[in-house]
Amino acid sequence: MSVKEAIYAWYKTNGRHDLPWRQTNDAYKIYLSEIMLQQTQVKTVLERFYFPFLERFPTLQSVAVAPLDDVLKMWEGLGYYTRARNLHHTAIICKGVLPKNPEELGGLRGIGKSTAHAICSFAYHQALPILDANVKRVLCRYFALSIKDEKVLWEKAWKLLAVKHPYEHNQAMMDIGAMICTSKNPNCLACPLEFTCKGKNAPESYPKAVKKAKVPTKKRFALVVFQEGKLGLIQRKERLLHGLWGFVQVDEKPKGVHSLGKVAHTYSHFKLELEIIQGDALHVNVDGYFTEEEIESLALSTVDKKIIQKIFSSK
DNA sequence: CAGACGTGGTG
DNA sequence: TCACCAAGTCT
């Protein structure tokens, strides 16, 4: 049995066939799963976001006609909110109908080459390889590649895809990466590629780990302003958390003010230490004032929800 | 083309 | 406590 046949056989028996986005032909539902799963654990998407989102937005057209704020609200807590804005934009541009070829798909906001191929493979059963983190790791180990060179990996992926069942092959490669050829403690004995794997004697060294610069810490101040029992909030305009609602933040500590405590939050590229300051409504510009109940319907980032929690728990 | 971009889980 | 990771894309 060739390695390709072994991969296929392994998938039939051991693949994650129960994943909901594998039990549909609806390109929108597959596209949505691909976007949600970018840099995000399957467990998180499955248990907290995929079904509620589809409940609120059952079709791409329903996303297209909805206000962006509603889409962001369903994305609240998932992170990388540009994905939600790109999804909304794409829904409008496509008029609710996704194209069926990788070139057009890849031209849409938020859809790169790997996601375009994944949609074409999983929704339309086209013979195109995918190259996500799982597949990259499997390929690097199987061919003993120390460096994740995109060009080389795409070539390897194309060659391995020359099989009778490209759909199953792609799903299998992801499942093997997620379940067997894991980043830490890979289970080589259970791997269908083990027999001819060039990296099995030192899987941890393929690909070679690259050192990440450790993230800086920023100390800032969150301003809490009340007006007639309502909280003053802004809708963020900067790149980080764009479109989400939250408290005004400043770099310098305002003078002669009352501190309500501190919250810390870690982003992918910096750590934030926030001191919560009771501000003066006359000197803080906000986009609106909201009751605790009204805030429930706004999309807030995790750090702002931490602040809300702090404010209302200490009362 | 490195860095920006969120969050929660894990060893 | 902390580094690293998890179905990447954009600038």
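Since we're looking at a predicted model, the values are computed, not measured. Throughout, protein chains are lettered first and strands after them, A, B, ... in sequence-line order, and every chain is numbered starting at 1.
Evaluation of the salt bridge (Lys or Arg N to Asp or Glu O under 4.0 Å) rule for A/K73 yields A/E76 as partners, not counting sequence neighbours.
Where A/R48 and A/S268 meet DNA chain B, the nucleotide closest to each residue was compared, and A/S268 sits on the side nearer the 5' end.
Other residues, nucleotides and ligands contribute only 12 or fewer heavy atoms inside 6.0 Å of the CD atom of A/E55. The 12-atom threshold is exceeded at NZ of A/K200, counting heavy atoms of other residues, nucleotides or ligands nearer than 6.0 Å.
Across all strands, A/I130 comes closer than 4.0 Å to no nucleic acid atom at all (heavy-atom distances).
Judged by a 6.0 Å distance limit and a 45° cone about the ring axis, A/K218 is positioned over the six-membered ring of A/F270.
In this structure, A/K211 atom NZ and C/dC4 atom P are separated by 8 Å, rounded to whole Å. Summarising the geometry, the separation between CZ on A/R85 and C1' on B/dC5 is reported as 11 Å, rounded to the nearest angstrom. Rounded to an integer number of Å, the gap from NZ of A/K214 to P of C/dC2 is 8 Å. Rounded to an integer number of Å, the gap from CZ of A/F270 to P of B/dA4 is 10 Å. Spacing between atom NZ of A/K218 and atom P of B/dC5 amounts to 7 Å, rounded to whole angstrom units. Straight-line distance from the CG atom of A/L272 to the P atom of B/dC5: 12 Å, rounded to whole Å.
Atom C1' of C/dC10 sits at a distance of 11 Å from the matching atom of B/dC1, rounded to the whole Å. Distance check on atom C1': C/dA6 versus B/dC5 gives 14 Å, rounded to whole Å. Taking atom P on both B/dG11 and C/dA7, the two are 15 Å apart, rounded to the nearest angstrom. Nucleotides C/dC4 and B/dG3 have their P atoms positioned 15 Å apart, rounded to a whole Å. For the P atoms, the distance linking C/dT9 with B/dG8 amounts to 23 Å, nearest Å.
Pairs engaging residues 78-101 of chain A under the salt bridge (charged side-chain N to carboxylate O under 4.0 Å, His left out) rule: none recorded [sequence neighbours left out].
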Nucleotides 5-11 of chain C: protein proximity per nucleotide (B base, S sugar-phosphate only, - neither; heavy atom, under 4.0 Å) | SBBBSS-
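In summary, of the residues considered (A/F49, A/F51, A/F57), a ring pair (Phe, Tyr, Trp, His ring centres under 6.0 Å) with A/F53 occurs for A/F57 alone.
The phosphate of B/dT7 has OP1 or OP2 within less than 4.0 Å of a side-chain N or O from A/H265. Phosphate proximity of B/dG3 to A/H269: absent, as no side-chain N or O sits under 4.0 Å from OP1 or OP2. One finds a side-chain N or O of A/T302 lying less than 4.0 angstrom from the OP1 or OP2 phosphate oxygen of B/dT7.
In plain terms, the two heavy atoms of A/R56 and A/D70 that are nearest each other are NH2-OD2, 2.9 Å.
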